[in-house]
> 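Below you'll find the structure I mean.
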2 protein chains.
Amino acid sequence: MSIQQRRERERAQRHQLIITTARELAEAEGWDAVTTRRLAERIEYSQPVLYSHFANKDAIVAAVAVEGFADLGEALHAARTGAGSPAEALAATLRAYEGFAERNPALFDAMFTLAIDLPFGTADSPAVLKRAFGELLAAFEPWAGEQDPETFTEVGWSALHGLVVLARSGRLRPDQRDQRLAILVDRFTTA
Amino acid sequence: MSIQQRRERERAQRHQLIITTARELAEAEGWDAVTTRRLAERIEYSQPVLYSHFANKDAIVAAVAVEGFADLGEALHAARTGAGSPAEALAATLRAYEGFAERNPALFDAMFTLAIDLPFGTADSPAVLKRAFGELLAAFEPWAGEQDPETFTEVGWSALHGLVVLARSGRLRPDQRDQRLAILVDRFTTA
DNA sequence: TCTCATTCCTAGCGCAGCTAGAATTGCAGA
DNA sequence: TCTGCAATTCTAGCTGCGCTAGGAATGAGA
């Protein structure tokens, strides 16, 4: 019984080690550098061990993405609850989202570009995803007016996300970043 | 002299054939199906011929993306100039953008996910990119108010783009699509 | 100490992007 | 018309990818 438990514990540790190592490697050298061979080498096991934990490489990326959403949720929560007025809370939340994407580019890629199959907006979406969206909802809700708060938040989130995505791929003028965020806040806080 | 001209003409035709074939194959089976081998087979030349036209596979994808921006620019122009009031023009332009992404998913991927290195927002960005942005600028400008029109448009474009990107990856509730677009228009047309 | 199930690794499959060097083609001058 | 040469194109193969079959090693229980 105890032996079984130890084995399961060690297995769980190795599971987490794979995720953490993939994340570190991706953040250090980009996702192209995260090959099953290099990953196996880093965790000091052979390649097939990876496949005893995950169905395929995409599943590893998805696991990293879920971690990312957890971190993002925390970052948004800290920013939002640390602000004074609702207006400041919204601005702080948006800045936190932007900062998160900037500080964790590879993680952001995993969350929004690579891990396409994460169940979102459905009943069985991971709790961390719901929590991250919940933070945005709390930030946008005060200005929803007559609109459905969730739909209103989806639009606000999209605007924010679009800014981040287009900016990081060099589609927007870098020097106007803060100005753009100010316009966004203005658009969503005025009736 | 004339022989040289014929050769250059044939080369240009083959260049275009590669781009068109890549685009068709991607739209039919997704970009994963666009391998240099399959592409070579379709154009009825050997693999190395591709590399006499493009530095690598990414360059082929980028060429497809540029075509996509040209098409998008046309679609936006048609939608915008076909509408009556500025408000209708904006709504029509946004719908056209959304429709374009929906009708050409692989092309949209090439433009915004795969071809990362296209020079944007700089002096040497291709004319087609500027034209597409110009259409958005014309659509958003009437509501820029005190804001710099270009920056205002960047925010509007981001909001639109975010909606499309998050929706197509299943991050937003499908049934609220039109409602979201209505909210977006509302946010950017009210002072 | 032996048996056997579990765990893990070695080796290799098919396919990817890409390229070196051979083979072919077709123009130009005799 | 024939020959030499330069440009073009192809054959063959390199390295590295995700993934897996099957054998070796490990360790708990009899």
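Keep in mind the model is a prediction, meaning the values are calculated, not measured. Naming convention: chains lettered A, B, ... in sequence-line order (proteins, then strands); numbering from 1 in each chain.
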> On DNA chain D, compare the nucleotides closest to A/Ala55 and A/Asp32; which residue's is nearer the 5' end?
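Its nearest nucleotide lies further toward 5', so the answer is A/Asp32.
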> Can B/Arg103 and B/Asp71 be counted as an ion pair, charged N to O under 4.0 angstrom?
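The answer is no: the pair does not qualify as a salt bridge.
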> Quick one: which of D/dT20, D/dT9, C/dC8 gets closest to the side chain of B/Val49?
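Nearest to the side-chain atoms of B/Val49, counting from C-beta on, is D/dT9.
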> Between atom CG in A/Leu50 and atom P in C/dT10, what is the gap in whole Å?
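The distance from CG of A/Leu50 to P of C/dT10 comes to 14 Å, rounded to the nearest Å.
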> Measure NZ/A/Lys57 against P/C/dA16 and give the value in whole Å, please.
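Roughly 16 Å, once rounded to whole Å.
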> Between atom CD in B/Glu41 and atom P in D/dT9, what is the gap in whole Å?
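Rounded to whole Å, this separation is 19 Å.
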> Report the distance from atom OH of B/Tyr45 to atom P of C/dT24, rounded to the nearest whole Å.
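Rounded to whole Å, this separation is 18 Å.
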> Starting from the 5' end of DNA chain C, give me the residue, B/Ala33 or A/Glu44, whose nearest nucleotide shows up first.
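Comparing both residues, the 5'-ward one is A/Glu44.
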> Using OP1 and OP2 only, check whether a side-chain N or O of B/Arg37 sits under 4.0 Å from C/dA16.
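For C/dA16, OP1/OP2 do have a side-chain N/O of B/Arg37 under 4.0 Å.
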> Go through the N and O atoms of the side chain of A/Gln47 and the base of C/dC9, and report whether any donor-acceptor pair is under 3.5 Å.
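No pair found.
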> Once you round it to whole Å, what is the distance between P of D/dC17 and CH2 of A/Trp31?
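Distance, rounded to whole Å: 15 Å.
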> Side chain of B/Thr35: nearest nucleotide among C/dG17, D/dC10, D/dG18?
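Among the listed nucleotides, the one closest to the side chain of B/Thr35 is C/dG17.
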> Describe the nucleic acid contact of B/Arg11 in one word from base, sugar-phosphate, nothing, applying a heavy-atom distance below 4.0 Å.
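Nothing, no nucleic acid heavy atom in range.
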> Once you round it to whole Å, what is the distance between C1' of C/dC27 and CD of B/Glu10?
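Between C1' of C/dC27 and CD of B/Glu10: 14 Å.
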> Tell me what B/Ser46 touches on the nucleic acid: a base, only sugar-phosphate, or nothing, going by heavy atoms under 4.0 Å.
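Counting heavy atoms under 4.0 Å across all strands, the contact made by B/Ser46 includes a base.
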> Answer yes or no: does atom CD of B/Glu10 have more than 12 heavy-atom neighbours from other residues, nucleotides or ligands under 6.0 Å?
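Yes, because the 6.0 Å sphere around CD of B/Glu10 holds more than 12 heavy atoms from other groups.
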> Would a distance-only check, ignoring hydrogens and angles, find a side-chain to backbone donor-acceptor pair under 3.5 Å from A/Asn56 to A/Ala59?
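Here the side-chain-to-backbone pair exists.
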> Honestly, is B/Arg14 close enough over B/Tyr45, meaning NZ or CZ under 6.0 Å from the six-membered ring centre and within 45° of the axis?
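The answer is yes, since B/Arg14 meets both limits relative to B/Tyr45.
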> Given B/Glu154, which partner from the list A/Arg171, A/Gln176, A/Gln179, A/Arg173 fulfils the side-chain hydrogen bond (donor to acceptor under 3.5 Å, both in side chains) test?
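When side-chain hydrogen bond (donor to acceptor under 3.5 Å, both in side chains) is applied between B/Glu154 and each of A/Arg171, A/Gln176, A/Gln179, A/Arg173, only A/Arg173 qualifies.
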> To the nearest angstrom, how far is B/Arg38 atom CZ from C/dG14 atom C1'?
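Interatomic distance, CZ of B/Arg38 to C1' of C/dG14: 15 Å.
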> Please state how far atom CD1 in B/Ile18 lies from atom P in C/dG17, giving the value in whole angstrom units.
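Those two atoms, CD1 and P, are 14 Å apart.
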> Considering only D/dA21, C/dG17, D/dC19, which nucleotide approaches the side chain of B/Thr36 most closely?
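The listed nucleotide nearest to B/Thr36's side chain is C/dG17.
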